Amino acid sequence: MKKSVTTNLRNPRSKQPPRPVQIVGTGSYLPARVLTNADLEKMVDTTDEWIITRTGIRERRIASEQECTSDMGAQAALRAMEQAGVGGEQIDLIVCATLTPDMLFPATACLIQQKIGAKRAAAFDMEAACSGFLYGLEIGQQFITSGTYETVLVVGAEKLSTIVDWEDRSTCVLFGDGAGAAILRSRGDSHGILTTCMGADGSQADILLMPAGGARFPASRETVSGRMHYLKMAGKEVFKNAVVAMQTAALQALQKCNLTIDDITCVIPHQANIRILEALAERLELPMERMYVNLDRYGNMSAASVAVALDEAARAGRFQRGDLILMVAFGSGLTWAAAVVQW
Ligand code: ACO
């Protein structure tokens, strides 16, 4: 017997009960090229043993030169659309979460729109780093709950290999490329996204950033020679904040729908580091078997991580219709987010 749950869905202007929003299809795409820890041993002063014990990562995928964020995002979207039985022309809105857009503008969401034939869809990019897919989920949910749109495509896609400093051993071992996507709709039953929560703390913006390429430091000889177009991270600070923020977001989301961690069949976290996930599991008193982990195969794919993990876990049958899942993420900004879904 499934536990009855409460939701935080409400439309303040409407007397109608809120429309529950379902994830009706998921998809993911990983580029073919595998970069192993052994490959990295030849590139920087590191070892397979260090990378595995400090991060849990064994290999990651790297996109080809011809393959960009929008290409991977479109492939993931097409797989989600196929599963949902949704054609391009039925999509009303595309939200693409990415910190590695094909270009600063136009939006990668517009490029995806063209590639998947979603001619009617409005499209924009949204940047919340590793929390981006869950931010996107909340945005999509709000547009459907309010009655503005029927069908929303949320994509998390990254080509992080283009902003990783391949000479910096402390960061280059951590990241990979890939994309995941979800189609949101209101199917008319009570299952679906039960609650979402998002947060941010801009006072810690400097612990994880790419300094140049925006309006503050436009590209110049100095920014290139200073390696300012690469991702910079204060690893230990990020680690500490990640554990606390994900724990807080997870508990907040559970509390909002009157659930405890024991009600959750599967936790799908942002895939940054196995030690972060083990610390989170310990704080939530969650057995690791109920947490979905794929970072050993893909590393950290930022906005794509939760999206890919959701698709893989769903297709692997890690949860069934009616089961409760919790997604939780943390990233640069700082940002964090969580969502509870009854599948
Ligand atoms: N191989 C071998 N040695 C290394 C490597 C490497 N790849 N990288 C660092 N080291 C060395 C350091 O130089 C240091 O050496 P020293 O003691 O001689 O100075 C030693 O290993 C320890 O380094 P630490 O940084 O203290 O290692 P730590 O245990 O903290 O692990 C790590 C580093 C893996 C980066 C960890 O801090 C971490 O995972 N942080 C969180 C990262 C994260 O979650 N990012 C998510 C957000 S991403 C986003 O939003 C885009």
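Numbering starts at 1 and runs along the sequence shown. Read the numbers this way: they start at 1 and go in the same order the structure lists the ligands and their atoms. None of the values given here were measured: they were computed from a predicted structure.
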So for ligand 1, is Arg169 a polar contact partner (N or O within less than 3.5 Å, distance only)? yes
Considering only the protein, which heavy-atom contact is closest to atom 48 (S) of ligand 1, and what is its distance? Asn300 ND2, 3.2 Å
For residues Met301 and Met126: do they belong to one hydrophobic cluster (side chain heavy atoms under 4.5 Å, members Ile, Leu, Val, Met, Phe, Trp, Tyr)? no
The reported gap from OG in Ser161 to CD1 in Ile62 (rounded to nearest 0.5 angstrom) is 5.0 Å
Are any of the N or O atoms of Ser332 closer than 3.5 Å to those of ligand 1? yes
Can you tell me if Arg169 and Thr46 form a side-chain donor-acceptor pair at under 3.5 Å? no
Would you mind checking which non-hydrogen protein atom is closest to atom 40 (N) of ligand 1, with the distance to 0.1 Å? Gly235 O, 3.0 Å
How does Ile276 reach ligand 1, by side chain, by backbone, by both or by neither, if only non-hydrogen atoms under 4.0 Å count? side chain
Hydrophobic side-chain clustering at under 4.5 Å (ILVMFWY, transitive links): who's grouped with Leu78? Put none if nobody. Val24, Met81, Val86, Ile91, Ile94, Ile112, Ile116, Leu153, Val155, Ile183
Distance only, no hydrogens: is a donor on one side chain within 3.5 Å (strictly under) of an acceptor on the other, for Thr98 and Glu158? yes
Do Asp102 and Ser70 have side-chain atoms, one donor and one acceptor, less than 3.5 Å apart? yes
Among Cys130, Ala129, Cys172, closest by heavy atom to atom 50 (O) of ligand 1 is Cys130
Would you check whether Arg54 has a nitrogen or oxygen atom less than 3.5 angstrom from a nitrogen or oxygen atom of ligand 1? yes
For Leu208, which part has a heavy atom under 4.0 Å from ligand 1: side chain, backbone, both, or neither? side chain
Are Arg318 and Glu312 within salt-bridge range, i.e. N to O under 4.0 Å? no
Where is the nearest protein heavy atom to atom 33 (C) of ligand 1: which residue, which atom, and how far? Trp50 CH2, 4.0 Å
Determine whether the side chains of Ser131 and His270 contain a donor N or O and an acceptor N or O closer than 3.5 Å. no
Check ligand 1 against Gly331 and write out every atom of the ligand that is under 4.0 Å from a heavy-atom position of the residue. 50 (O)
How does Phe330 reach ligand 1, by side chain, by backbone, by both or by neither, if only non-hydrogen atoms under 4.0 Å count? neither
To the nearest 0.1 Å, how far is atom 31 (O) of ligand 1 from its closest protein heavy atom, and which atom is that? Arg275 NH1, 3.9 Å
Under 4.0 Å, heavy atoms only, figure out whether ligand 1 is touched by the backbone of Thr46, its side chain, both or neither. both
Do you see a donor-acceptor pair shorter than 3.5 Å between the side chains of Asn37 and Glu59? no
Answer yes when Asp189 and Arg321 have at least one side-chain N-carboxylate O distance shorter than 4.0 Å, and no when they do not. yes
Measure up the Trp343 and Phe319 rings against each other and bin them: parallel (under 30°), tilted (30 to 60°), perpendicular (over 60°). perpendicular
Taking 4.0 angstrom as the limit and counting only heavy atoms of Thr55, give me the atoms of ligand 1 inside it, by number and element. 34 (C)
Only heavy atoms of Phe175, strictly under 4.0 Å: list the atoms of ligand 1 that pass. 48 (S)
Heavy atom of the protein closest to atom 43 (C) of ligand 1 (residue, atom name, distance): Val238 CG1, 3.6 Å
Check Val44 against ligand 1 and report side chain, backbone, both or neither, counting heavy atoms closer than 4.0 Å. neither
Do Lys236 and ligand 1 have an N or O pair less than 3.5 Å apart? yes
Among protein heavy atoms, which lies nearest atom 39 (O) of ligand 1, and at what distance? Asn273 ND2, 2.6 Å
Regarding Ser305 and Gln271, is there a side-chain donor-to-acceptor distance under 3.5 Å anywhere? no
Subset of ligand 1 atoms that lie under 4.0 Å from at least one heavy atom of Val173: 7 (N)
